[in-house]
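To start, the structure under review is shown below, and the notes come after it.
Basis for what follows: all heavy atoms, side chains included, without hydrogens, waters or symmetry-related copies. Letters A, B, ... are given to chains in the order of the sequence lines, protein chains preceding strands, and every chain is numbered from 1.
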Number of protein chains: 2
Amino acid sequence: MTGKAYSSVWLREPRKATSPGRSREEIVRAALELLDEEGIDGLSMRKLGAKLSAGATSLYWYVANKDELLELAYDETWGAITVPDPEEVGWREAASVTAHSVRQVMLRHPWLAHLLGRLPALGPNAMRVADRMRQTFKLAGFTGYEVDYAVATFTAYIYGMTLPEIAWNATMVDGEYDADAMRAQVMKAAADFPDMLERIDMDTYEDPRVMRAVAFDFGLLSVLDGLERRLVT
Amino acid sequence: MTGKAYSSVWLREPRKATSPGRSREEIVRAALELLDEEGIDGLSMRKLGAKLSAGATSLYWYVANKDELLELAYDETWGAITVPDPEEVGWREAASVTAHSVRQVMLRHPWLAHLLGRLPALGPNAMRVADRMRQTFKLAGFTGYEVDYAVATFTAYIYGMTLPEIAWNATMVDGEYDADAMRAQVMKAAADFPDMLERIDMDTYEDPRVMRAVAFDFGLLSVLDGLERRLVT
DNA sequence: ACCTGAACACCGTTCAAGT
DNA sequence: ACCTGAACACCGTTCAAGT
């Protein structure tokens with residue numbers, strides 16, 4: 001039992017770029033547009049083909065399947081992330097800027113939420129970011145496996161915090177909800193839990209955007225403090 | 001523009017349970033089996049219908065659509081989570097046990113990864129867990145909005161850490177990969193990043209399960225320490 | 001009150017056939 | 001080397017019709 005090799009776009013040679021016809025870049029760019037405009041369900045091979053005035057199945061010449069295409073689009077978004085050089089700004093500042101940048105990019109491309117737990121991130125852009133993160137936490141003083149643990153904890157926080165935010169935006173903002181109706185209904189759901197009700201009584205639904213941002217900073221501070229504490233003991 | 005009301009299974013009255021025919025519980029149970037056995041793509045209304053020796057469309061009598069069914073299955077899994085009473089064991093112990101319990105349940109139902117960022121969690125079981133978590137962090141000393149921030153940070157960490165673990169399991173274990181081939185291929189992907197290569201040179205792929213568990217505890221300790229630090233300042 | 005089958009409007013992917 | 005259309009095996013959901 002040799003097992004089948006793990007497969008990913010990045011581990012295969014791309015079609016060599018010849019001049020005529022379509023190109024992989026063109027296809028990925030169009031896919032990104034479709035994803036940003038219509039979300040994860042808005043991207044189908046047929047629609048993408050149509051957008052490029054091609055048959056849906058022509059795309060399979062450039063890309064093995066839809067997942068490969070998503071991997072390419074995925075990595076593209078990693079390219080937009082700012083990771084300052086920790087040597088220049090210090091590790092805490094570098095980590096903080098990175099965290100906010102990842103959050104912003106995720107909020108700008110909500111369809112990323114559907115890919116994060118599903119596709120490997122082995123593309124060059126994702127690698128670049130991962131490498132910089134490692135440097136950041138090494139500079140902080142972590143060594144050996146602890147560098148990985150620190151990076152994992154840090155990114156886990158960012159993902160875990162931003163994912164529900166995306167979900168919220170999707171159901172609330174896009175769903176053009178009625179704030180008061182929503183509030184009443186959540187109260188009903190929380191009816192048996194006095195502690196939950198108490199919370200809802202606060203002005204929770206006032207300005208969710210600001211709330212979310214404040215919460216993010218609060219948690220980020222906590223996580224960085226907690227990681228720093230590992231260094232002194 | 002009044003906006004459409006936010007909708008969720010929990011906010012509608014269920015069909016009243018009459019004796020004959022199928023029941024919502026029966027359907028949800030069958031759906032859970034299908035999800036656990038075949039994953040998120042294994043659940044289709046047609047397959048589920050067949051499993052219950054019914055026409056696929058019969059299910060629409062009990063459930064408005066597939067998402068509602070998923071919401072019900074989703075909440076069912078929250079029922080399996082252990083949340084100790086913080087008054088009895090102390091807030092740090094309660095938080096720690098809860099974190100490990102959530103991770104275990106997620107690993108046992110990997111399809112949860114696809115729902116976490118997508119569906120609201122307003123079911124009774126999810127509410128129970130959320131309520132207990134709030135109590136835990138209130139006991140720790142948080143007040144007002146900070147209770148929410150602390151809970152959000154805590155759960156963000158758990159989700160963010162476990163999600164990639166599920167993804168890893170899905171591609172690696174289920175894909176019955178060849179460890180050495182995998183290793184070589186990731187090296188190729190990381191070729192331009194000396195820092196990444198250095199990491200791969202360590203015995204990273206030795207026993208991922210243990211590594212993951214250690215990493216989880218490391219991060220959990222950090223997050224709880226970081227949150228605790230918010231209380232003293 | 002509950003269940004059905006047919007039908008609609010979609011999917012991703014394969015493949016033989018074209019240029 | 002690149003593109004095509006037809007075809008296969010699926011989807012979720014609606015709805016008129018049955019009992």
Side-chain angles (χ1 to χ4, degrees), chain A residues 4 7-9 12-28 30-31 34-35 37-74 111 114-115 118-119 170-171 175, chain B residues 4 7-9 12-28 30-31 34-35 37-74 111 114-115 118-119 170:
Chain A
K4 81 174 168 215
S7 111
S8 163
V9 224
R12 297 191 302 99
E13 291 303 322
R15 295 253 168 240
K16 58 171 89 65
T18 49
S19 39
R22 281 153 263 272
S23 72
R24 209 179 232 197
E25 291 81 51
E26 189 191 354
I27 291 171
V28 173
L34 224 38
L35 286 166
E37 287 164 14
E38 305 187 34
I40 196 79
D41 292 331
L43 176 65
S44 79
M45 299 305 268
R46 287 172 220 262
K47 269 197 213 166
L48 185 56
K51 192 182 169 89
L52 294 163
S53 337
T57 57
S58 313
L59 307 173
Y60 285 86
W61 180 257
Y62 298 94
V63 131
N65 50 43
K66 195 184 178 182
D67 269 1
E68 260 199 25
L69 179 62
L70 286 171
E71 269 194 276
L72 291 163
Y74 189 15
W111 46 272
H114 296 265
L115 269 43
R118 217 167 62 71
L119 294 178
T171 33
Chain B
K4 82 170 170 225
S7 110
S8 162
V9 222
R12 298 191 300 99
E13 291 302 323
R15 295 251 167 241
K16 58 172 85 68
T18 48
S19 38
R22 279 154 264 274
S23 72
R24 211 180 230 199
E25 292 79 49
E26 188 190 355
I27 292 171
V28 173
L34 225 38
L35 286 166
E37 286 163 14
E38 304 187 32
I40 196 80
D41 293 329
L43 176 65
S44 80
M45 299 304 269
R46 288 174 219 261
K47 268 196 213 168
L48 184 57
K51 193 181 168 91
L52 295 163
S53 337
T57 56
S58 313
L59 308 173
Y60 285 86
W61 180 256
Y62 299 92
V63 131
N65 50 41
K66 194 184 177 182
D67 269 2
E68 258 199 28
L69 179 62
L70 286 171
E71 270 194 277
L72 291 163
Y74 189 16
W111 47 271
H114 297 266
L115 268 43
R118 215 165 64 68
L119 294 179

- Is B/Ser58 touching bases, backbone alone, or none of the nucleic acid, heavy atoms closer than 4.0 Å? base
- Note on the structure: Of the listed C/dA1, D/dC3, C/dC11, the closest approach to the A/Lys47 side chain comes from C/dC11
- What integer distance in Å separates B/Ile27:CD1 from C/dC3:P? 8 Å
- Distance in angstrom units between B/Asp41 CG and D/dA9 P, rounded: 19 Å
- Task: Keeping the roles fixed (side chain from A/Arg24, backbone from A/Tyr62), state whether a donor-acceptor pair exists under 3.5 Å.
- Result: yes
- Here the distance between atom C1' of C/dC2 and atom CZ of B/Arg24, to the nearest Å, is 15 Å
- Query: Rounded to the nearest 0.5 Å, how far apart are NZ of A/Lys51 and CG of A/Leu48?
  - Reply: 8.0 Å
- Query: Can you name the nearest heavy-atom pair linking B/Asp41 to B/Lys47, along with the distance?
  - Reply: O-NZ, 4.4 Å
- Applying a 3.5 Å limit to both distances, which nucleotide forms a Watson-Crick or G-U wobble pair with C/dG12? D/dC8
- Message: Using the side chain to side chain contact (heavy atoms under 4.5 Å, CB included) definition, which of the options A/Leu69, A/Ile27, A/Val28 pairs with A/Val63?
- Response: A/Leu69
- Query: How is B/Leu43 classified with respect to the nucleic acid when contacts are heavy atoms under 4.0 Å: base, sugar-phosphate, or nothing?
  - Reply: sugar-phosphate
- Is the phosphate of D/dC3, meaning OP1 or OP2, less than 4.0 Å from a side-chain N or O of A/Trp61? no
- What distance, rounded to whole Å, do you find between the two P atoms, one in C/dA9 and one in D/dA9? 23 Å
- Task: Quick one, give me the B/S/- string for nucleotides 13-19 of chain C, reading 5' to 3', where B means a protein heavy atom under 4.0 Å from the base and S means that only happens at the primed atoms, P, OP1 or OP2.
- Result: BB-----
- Message: Please find the pair of heavy atoms, one from A/Ile40 and one from A/Leu35, that lie closest to each other, and give the distance.
- Response: CA-CD2, 4.0 Å
- Note on the structure: Scanning both residues in full, the closest heavy-atom pair of B/Leu59 with B/Gly49 reads CD1-N, 3.9 Å
- Message: So, taking the atom named NE2 in A/His114 and the one named CG in A/Leu119, what distance separates them when rounded to the nearest 0.5 Å?
- Response: 12.0 Å
- Query: Now, which nucleotide makes the Watson-Crick or G-U wobble pair with D/dC2, with each of the two distances under 3.5 Å?
  - Reply: C/dG18
- Given DNA chain D, 5'-ward residue of the pair A/Ala54 and B/Ser44, judged by closest heavy atom: A/Ala54
